[in-house]
Amino acid sequence: MDETEFWELVDATREAAEGDPEEQADLLVDRLLALDPDMVLDFARHFEARFNRAYTWDLWGAAWILLDGASDDAFDFFRCWLIGQGREVYEGGVHDPDSLADLLADFDEEIDGDGEELGYAADEAYEQLTGTVAPDLGIPPAAAEPLGAPVELENDRVLAERYPKLWERFRG
């Protein structure tokens with residue numbers, strides 16, 4: 001599975017789920033079950049590499065604003081959700097987290113921002129297909145700490161200055 005196929009699967013399931021991340025995860029498992037186990041592992045590698053790439057302080061600050069606070073786990077689930085939003089939103093958010101103010105049509109913190117189940121979709125599909133737990137994906141592990149300069153997440157003034165568009169749209 002190449003990168004284009006990965007994003008096509010993500011986009012197709014998001015559109016079919018009408019933006020509901022839990023429904024998207026269920027649909028993703030269904031789509032992955034139609035593939036062979038090696039393709040499912042390829043999907044998992046693409047997902048995990050993007051999940052790890054999004055482990056940055058800058059993106060955590062954006063998640064903090066959108067979610068009105070974000071613990072370690074909440075930020076993990078946010079990164080899964082961000083991948084589930086598709087290539088344009090993901091790449092834009094990773095490159096310039098403040099651009100999420102422009103890239104997200106709307107954001108309901110009751111539904112959006114938590115893609116925990118998306119993070120398990122490939123593992124679930126692989127296990128259903130093979131009866132075994134997915135092997136190690138053979139990609140470098142995530143960094144121990146977020147990449148980049150730390151952000152004072154609990155300082156509203158710092159967040160408003162660092163993410164002016166997000167702050168204005170979602171907290172202003």
Side-chain angles (χ1 to χ4, degrees), residues 3 6-28 43-123 137 139-172:
E3 186 174 12
F6 168 81
W7 286 118
E8 285 172 354
L9 262 175
V10 168
D11 290 340
T13 55
R14 183 188 67 257
E15 290 166 11
E18 297 178 353
D20 181 323
E22 287 184 23
E23 177 69 17
Q24 183 181 6
D26 290 342
L27 293 169
L28 189 53
F43 179 91
R45 284 183 196 95
H46 283 288
F47 193 97
E48 193 71 18
R50 279 149 191 81
F51 180 79
N52 292 347
R53 182 174 162 226
Y55 192 46
T56 68
W57 280 109
D58 280 346
L59 193 57
W60 200 337
W64 191 276
I65 292 169
L66 287 165
L67 300 172
D68 197 17
S71 66
D72 291 356
D73 286 345
F75 183 48
D76 285 349
F77 305 155
F78 177 85
R79 290 183 289 148
C80 291
W81 173 84
L82 187 65
I83 294 165
Q85 297 310 294
R87 185 181 222 160
E88 180 183 354
V89 174
Y90 171 82
E91 292 293 344
V94 169
H95 177 71
D96 175 14
D98 198 36
S99 73
L100 288 172
D102 301 323
L103 293 169
L104 298 174
D106 47 8
F107 188 89
D108 178 351
E109 66 184 70
E110 296 296 317
I111 299 169
D112 296 320
D114 182 353
E116 178 181 10
E117 299 304 318
L118 289 169
Y120 300 123
D123 290 336
L137 297 173
I139 62 173
E145 292 291 320
L147 301 174
V151 175
E152 290 182 59
L153 297 173
E154 296 187 16
N155 186 327
D156 286 353
R157 183 185 56 73
V158 168
L159 292 174
E161 288 174 6
R162 193 159 181 169
Y163 308 94
K165 292 188 288 187
L166 276 173
W167 189 265
E168 175 65 30
R169 181 167 172 207
F170 295 101
R171 297 290 280 289

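Values below: all heavy atoms of this structure, side chains included; hydrogens, waters and symmetry mates excluded.
Across every non-hydrogen atom of Leu59 and Ala54, the tightest pair is CD2-O, 3.4 Å.
Contacts classified as ring pair (Phe, Tyr, Trp, His ring centres under 6.0 Å) and involving residues 6-27 (residues at least two apart or in different chains) are given here: Phe6-Phe43, Phe6-His46, Trp7-Tyr90. For residues 111-122, the set of pairs meeting the side-chain hydrogen bond (donor to acceptor under 3.5 Å, both in side chains) definition, not counting sequence neighbours, is empty.
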Run the side-chain contact (heavy atoms from CB on, under 4.5 Å) check on Thr56 and Val94 step by step: do they pass? CA-CA 8 Å; Thr56 68; Val94 169; 5.6 Å; no
Arg87 and Glu3: CA distance, side-chain angles, deciding distance, side-chain contact (heavy atoms from CB on, under 4.5 Å) verdict: CA-CA 10 Å; Arg87 185 181 222 160; Glu3 186 174 12; 3.0 Å; yes
Passes side-chain contact (heavy atoms from CB on, under 4.5 Å), Phe75 versus Tyr55? Steps please. CA-CA 9 Å; Phe75 183 48; Tyr55 192 46; 3.7 Å; yes
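The pair Asp98-Arg162 does not meet the salt-bridge criterion, since no charged nitrogen lies less than 4.0 angstrom from a carboxylate oxygen. Between Glu91 and Arg50, no side-chain nitrogen of the basic residue sits less than 4.0 Å from a carboxylate oxygen of the acidic one, so the salt-bridge criterion is not met.
Gln24 places a side-chain N or O within donor-acceptor distance of the main-chain N or O of Val10, the cut-off being under 3.5 Å. Listed for the Thr13 side chain is no donor-acceptor partner under 3.5 Å among the backbone atoms of Leu27.
Other residues, nucleotides and ligands contribute more than 12 heavy atoms inside 6.0 Å of the CD atom of Glu161.
Between Trp81 and Phe78, the ring planes lie tilted relative to each other; the angle falls in the 30° to 60° range.
Proximity of Leu103 to Gln85: side-chain heavy atoms (C-beta onward) are nowhere separated by under 4.5 Å. Residues Asp72 and Trp60 form a side-chain contact, since some pair of their non-hydrogen atoms from C-beta on lies under 4.5 Å apart.
The salt bridge (charged side-chain N to carboxylate O under 4.0 Å, His left out) test applied to Glu145 returns no partner, not counting sequence neighbours.
In this structure, the separation between CD1 on Ile65 and CZ on Arg169 is 12.5 Å, given to the nearest 0.5 Å.
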